[in-house]
Amino acid sequence: EMNIRQTLFQFILRRQPKRQVVMRPWDKVRTVAILYDCGTPYAIERMLDTDNKRIDFFTIPDKKEIHWLTHCPSSSVQYHLRAYQYDLLIDLTQQPSLTLQYMAMYFRADFKVGRHICDGIHDLTINTPAQNTPNYLLEQILRYIQMFTTKQS
């Protein structure tokens with residue numbers, strides 16, 4: 001059952017339109033979407049330099065907004081995810097979840113970064129221990145973004 005769902009997800013992922021990937025230095029990032037499955041957005045937000053940045057938080061939708069067979073979010077949730085263009089998607093998902101993978105896929109973001117859970121969604125994946133916290137993952141992501149963008153500029 002899970003294999004069929006995962007296969008369907010991979011099929012849909014491969015059919016997504018190609019994106020132009022743009023990695024900006026952190027100080028040039030203006031809009032950030034944060035996808036999370038545990039922890040509190042307030043603790044996460046305190047870790048970010050939010051000067052002149054719009055930060056939007058997203059988590060797993062209500063059960064009635066998730067298709068029971070595929071675990072795909074409803075079309076209204078998909079519309080909401082696609083409604084805004086972000087400079088950066090930070091996916092702090094800790095546990096594999098098809099619903100959250102769909103959500104990460106549907107975001108319109110110039111650059112997507114997250115923990116290595118599923119191939120093909122993120123432009124940069126971070127391998128971290130399974131028992132890490134969202135805060136630890138965010139520290140690693142910010143460190144890598146700053147490291148890569150400093151070398152480029």
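As the structure is a computational prediction, the values presented were derived from the model and not from experiment.
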Legend entry - Contact list for residues 84-95, test salt bridge (charged side-chain N to carboxylate O under 4.0 Å, His left out), sequence neighbours left out: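 Output for this query lists R24-D87.
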
Inset, instruction - Before giving the answer on side chain to side chain contact (heavy atoms under 4.5 Å, CB included), spell out for N52 and R30 the whole-Å C-alpha distance, their side-chain angles and the decisive distance to 0.1 Å. - result: CA-CA 6 Å; N52 302 319; R30 294 289 163 247; 4.0 Å; yes

Legend entry - Worked check of side chain to side chain contact (heavy atoms under 4.5 Å, CB included) between L137 and Y36: CA-CA 11 Å; L137 178 58; Y36 68 100; over 6 Å; no

Side-chain heavy atoms nearer than 4.5 Å, only ILVMFWY residues, links allowed to pass through others: does that put [X] and [Y] together?
X    : Y    : value
L142 : Y144 : yes
V21  : V29  : yes
L124 : V22  : no
I12  : L35  : yes

Heavy-atom pair with the smallest gap, counting every atom of [X] and [Y]:
X    : Y    : result
A104 : H122 : CB-NE2, 4.4 Å
D37  : L92  : OD1-O, 3.9 Å
M103 : T59  : CE-O, 3.4 Å

Inset, instruction - Apply side-chain contact (heavy atoms from CB on, under 4.5 Å) to Q10 and list each qualifying residue two or more places apart in sequence or on a separate chain. - result: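 Partners of Q10 by the side-chain contact (heavy atoms from CB on, under 4.5 Å) criterion, ordered by chain and then number, come out as Q6, L13, R14, C118.
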
Legend entry - Partner set under ring-ring contact (aromatic ring centres under 6.0 Å, His included) for F9, not counting sequence neighbours: Y102

Legend entry - Criterion side chain to side chain contact (heavy atoms under 4.5 Å, CB included) on Q85 and T31, from CA distance to verdict: CA-CA 8 Å; Q85 176 72 37; T31 55; over 6 Å; no

